[in-house]
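Everything on this sheet refers to the single structure shown next.
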Amino acid sequence: MNARDRDDEGRARNARPRDGLGRPLPYGAQGVERQPEGVVRSPGETVAQAQRLLDAGMPFHAHEVFEDAWKSGPGAEAPLWRALAQLAVGLTHAARGNAVGGARLLRRGALALAGLDGAGYAAAPGAADGAGAAPGTPYGMDLVGLVRWARELAERVEAGAVVDAAAEAPRLTGGPGPA
């Protein structure tokens, strides 16, 4: 009999606890709560939940939230959510000390975001009209600022910067950081 960890449907799943950066810990160790997979959220809920996780220094878990949006949302929005997941994983690798992987994923996500203009996405909550987001601001996110953040962080990571995931967390909406 195979003793691998399995979910309720019999699929292989690693049940080991994880740290805030998603690294597996020994069985029995105290880890952080994992993000449930396959959760369908509204875009606003996705952005808010991912921001909370980024602010907490948990970019690996934020990537899971973006991945859910990418896989469960409209196909036309998949490039947006996939690019954001790449930024979160890039920050994860950088914080783990993997400069090559971190910089590569940060740049890949930045390149993908730079190719999006926000057209066809909903406006930010509370926006005056529902005609769509302003260019570069789908769901209130500051894509231009995120591209700049990712490129700058990639350069610093390649130069040997030590990355604290919470301190380096981007502001998805371009607003002020956590208090």
Side-chain angles (χ1 to χ4, degrees), residues 1-73 77-113 141 146 149-173 177-179:
M1 170 131 192
N2 190 343
R4 292 182 69 184
D5 298 325
R6 304 244 173 225
D7 66 13
D8 293 338
E9 297 172 7
R11 291 184 302 248
R13 297 279 190 233
N14 190 329
R16 286 173 57 184
R18 303 270 176 167
D19 71 6
L21 293 174
R23 293 176 289 216
L25 298 170
Y27 285 102
Q30 183 68 19
V32 299
E33 186 175 342
R34 296 175 77 166
Q35 286 298 300
E37 294 181 33
V39 175
V40 178
R41 300 173 183 86
S42 72
E45 291 168 334
T46 295
V47 172
Q49 179 65 15
Q51 188 67 68
R52 281 191 292 276
L53 292 164
L54 289 165
D55 292 345
M58 299 171 61
F60 177 83
H61 302 277
H63 127 271
E64 297 284 355
V65 171
F66 290 134
E67 191 172 273
D68 284 342
W70 147 28
K71 292 181 177 180
S72 69
E77 295 184 8
L80 170 68
W81 303 116
R82 183 172 41 246
L84 292 166
Q86 289 171 331
L87 294 184
V89 174
L91 177 56
T92 299
H93 282 286
R96 289 177 178 175
N98 176 359
V100 172
R104 183 174 293 141
L105 281 162
L106 287 164
R107 285 201 173 91
R108 185 180 303 153
L111 181 64
L113 284 182
M141 290 184 287
L146 288 168
W149 165 84
R151 289 176 175 161
E152 290 172 0
L153 182 57
E155 286 181 21
R156 289 190 293 117
V157 166
E158 286 179 328
V162 174
V163 174
D164 176 300
E168 296 290 351
R171 295 301 305 160
L172 300 173
T173 60

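One distance of note links OG1 of Thr46 with CD of Glu67; it measures 12.5 Å at 0.5 Å rounding. Atom-to-atom distance recorded for Met58:CE and Leu21:CG is 9.0 Å, nearest 0.5 angstrom. Gln49 contributes atom CD, which lies 10.0 Å from atom CG of Leu54 (distance to the nearest 0.5 angstrom). We find the CG-CZ distance between Leu146 and Arg151 to be 11.5 Å, quoted to the nearest 0.5 Å. Atom CG of Leu80 is separated from atom CZ of Phe66 by 8.5 Å, given to the nearest 0.5 angstrom.
The two residues His61 and Gly20 make their nearest non-hydrogen contact at CD2-O, 3.4 Å. The two residues Leu87 and Ala110 come nearest to each other via the heavy atoms CD2-N, 3.7 Å. Shortest non-hydrogen contact noted between Gly57 and Ala165 is O-CB, 3.9 Å. Nearest heavy atom pair, residue Arg96 against residue Gly22, reads NH2-C, 3.4 Å. Across all their heavy atoms, Arg41 and Asp68 have their closest contact at NH1-OD2, 3.3 Å. Nearest approach of Asp164 to Ala166, heavy atoms of both residues: OD1-N, 3.0 Å.
Residues Leu53 and Asp55 have side chains not in contact (no heavy-atom distance under 4.5 Å, counting atoms from C-beta outward). Using a 4.5 Å heavy-atom threshold, the side chains of Leu106 and Trp149 count as touching. In this structure, Val47 and Leu84 have side chains that are not in contact, with every pair of non-hydrogen atoms separated by 4.5 Å or more. Arg107 places a side-chain heavy atom less than 4.5 Å from the side chain of Glu155.
Within a 6.0 Å radius of CZ in Arg104, no more than 12 heavy atoms belonging to other residues, nucleotides or ligands are found.
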Please assess Phe60 against His63 for the test ring pair (Phe, Tyr, Trp, His ring centres under 6.0 Å), listing each intermediate value before the final yes or no. CA-CA 5 Å; Phe60 177 83; His63 127 271; 5.1 Å; yes
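A distance-only check finds no donor-acceptor pair linking the side chain of Glu168 to the backbone of Leu91 [under 3.5 Å]. Panel note: side chain Arg16, backbone Leu25; a donor-acceptor pair is recorded below 3.5 Å.
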